Each structure stands twice: as structure tokens, then as C-alpha cells.
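Okay, so here's the structure we're looking at.
Keep in mind that this is a model prediction, so the values were computed, not measured. In what follows, residues are counted from 1 in the order of the sequence shown.
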Amino acid sequence: MYKKHKIVLGIIVICCGILSYVFKVEYSVIASDGITVVSIVLAIYMTSFSGLVSSDLDKIINGKSQLGVLKGYLNAAVGIGIINIVVSCISLILKDKMIEIVNKNTVYYIVSAIGISTLAANLFLMFLLFFLQMVQVFF
């Protein structure tokens with residue numbers, strides 16, 4: 001991944017996590033929808049990567065091949081996607097366990113903040129991958 005995309009990704013994750021924790025956003029409300037979206041996107045990533053391997057992306061940009069750059073973005077997106085699915089499942093389990101508790105504890109809101117952050121990171125990486133693939137311009 002390019003450095004500026006890593007920086008923007010870090011800023012998105014940190015800002016979404018902090019805002020989610022401060023405002024006590026309950027990720028469990030959208031966790032099942034998040035799992036669905038991330039699962040579909042992961043399937044698209046897997047099929048697009050297999051298509052990329054057989055293509056002729058050998059153009060060198062800034063000392064890196066296009067295939068190498070796309071592989072880095074896909075690896076990051078898949079890793080964050082898997083983390084998001086795990087956190088979503090944990091969030092749903094915690095929600096079921098805390099259904100009768102009015103004042104949810106700190107752990108619940110930390111898990112929610114991580115869920116919101118990883119979902120936002122996934123959406124950002126999805127935008128980057130589809131945008132970069134469509135335009136075929138690397139920043």
C-alpha cells in the first residue's frame with residue numbers, strides 16, 4: 001500500500017473508533033449487515049485476485065508492479081475484513097449476553113468501536129480497490 005493511503009486508513013480507523021466509543025455507538029445493531037457486506041466483498045476480492053494473477057499487469061509504477069500494489073491492497077482488505085467478521089460475531093454474542101443490562105460496560109463499547117472502525121476501514125479499502133482498478137491510476 002502507498003504511504004498516504006496507509007495514513008488515511010489509520011486516521012479513519014482512529015477517528016471512527018474514538019467517535020464510536022465517545023458516543024457509545026452500539027455496533028451490534030448493524031453487525032449482521034456488516035458481516036453480510038464484508039463477506040460479499042471478500043468473495044469479490046478473492047475472485048478478482050485470481051483474475052489479476054492471470055492478467056498481464058507488468059507495468060512498473062514508482063518502483064512497484066501494478067500486480068504487487070494491488071496484492072498489497074487486497075491483503076490489507078482481506079485481513080481487515082476477517083477481523084471485522086470476528087468482531088461482529090463477538091459483538092452479537094455480547095449483545096445477547098447484555099440484553100437485560102441497561103448500563104453496558106466498557107468492553108462492550110470497545111468491541112463496538114473496533115467493529116465500527118474495521119467496517120469503515122473496509123469501506124475505504126473497497127473504494128480504493130474499485131477506484132484504482134477502474135481508473136488504473138495509482139497515486
Verify the cluster assignment for [X] and [Y]: are they in a single hydrophobic cluster under the rule of side-chain heavy atoms below 4.5 Å apart?
X: Ile93; Y: Ile30; answer: no
X: Ile35; Y: Val41; answer: no
X: Leu74; Y: Leu125; answer: yes
X: Leu9; Y: Leu129; answer: yes

My understanding is that only residues two or more places apart in sequence, or in another chain, count here; which of them pass side-chain contact (heavy atoms from CB on, under 4.5 Å) with Ile83?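 Here the qualifying residues are Val87, Thr118.
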
Does Tyr21 reach the side chain of Ile116, with side-chain heavy atoms less than 4.5 Å apart?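 Answer no - side chains too far apart.
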
Search all heavy atoms of [X] against all heavy atoms of [Y] and return the closest pair with its distance.
X: Ser112; Y: Val25; answer: CB-O, 3.2 Å
X: Leu119; Y: Gly34; answer: CD1-CA, 4.3 Å
X: Glu26; Y: Tyr108; answer: OE1-OH, 3.1 Å

Should Leu94 and Ser28 be marked as a side chain to side chain contact (heavy atoms under 4.5 Å, CB included) after you check the CA-CA gap, both sets of side-chain angles, and the distance that decides it? CA-CA 8 Å; Leu94 284 177; Ser28 60; over 6 Å; no

Let me confirm one number: the CG-CG distance from Leu123 to Asn84, rounded to the nearest 0.5 Å.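 Going from the CG atom of Leu123 to the CG atom of Asn84 covers 9.0 Å.
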
Option passing side chain to side chain contact (heavy atoms under 4.5 Å, CB included) with Asn122 (candidates Ile80, Leu42, Val78, Val37):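 With Asn122 as partner, Ile80, Leu42, Val78, Val37 yield a single side chain to side chain contact (heavy atoms under 4.5 Å, CB included), made by Ile80.
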
Scan Ser88, Ser117, Ser91 and name whichever one has a side-chain hydrogen bond (donor to acceptor under 3.5 Å, both in side chains) with Tyr27.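 Checked Ser88, Ser117, Ser91 against Tyr27; only one passes side-chain hydrogen bond (donor to acceptor under 3.5 Å, both in side chains): Ser88.
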
Tyr2 ring centre to Lys6 NZ or CZ under 6.0 Å, with the angle to the axis within 45°?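 No - Lys6 does not lie over the ring of Tyr2 by the 6.0 Å and 45° rule.
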
Is Ile11 isolated, or which residues cluster with it under the ILVMFWY side-chain rule of less than 4.5 Å, directly or via members?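 Its cluster mates, by chain and number, are Ile7.
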
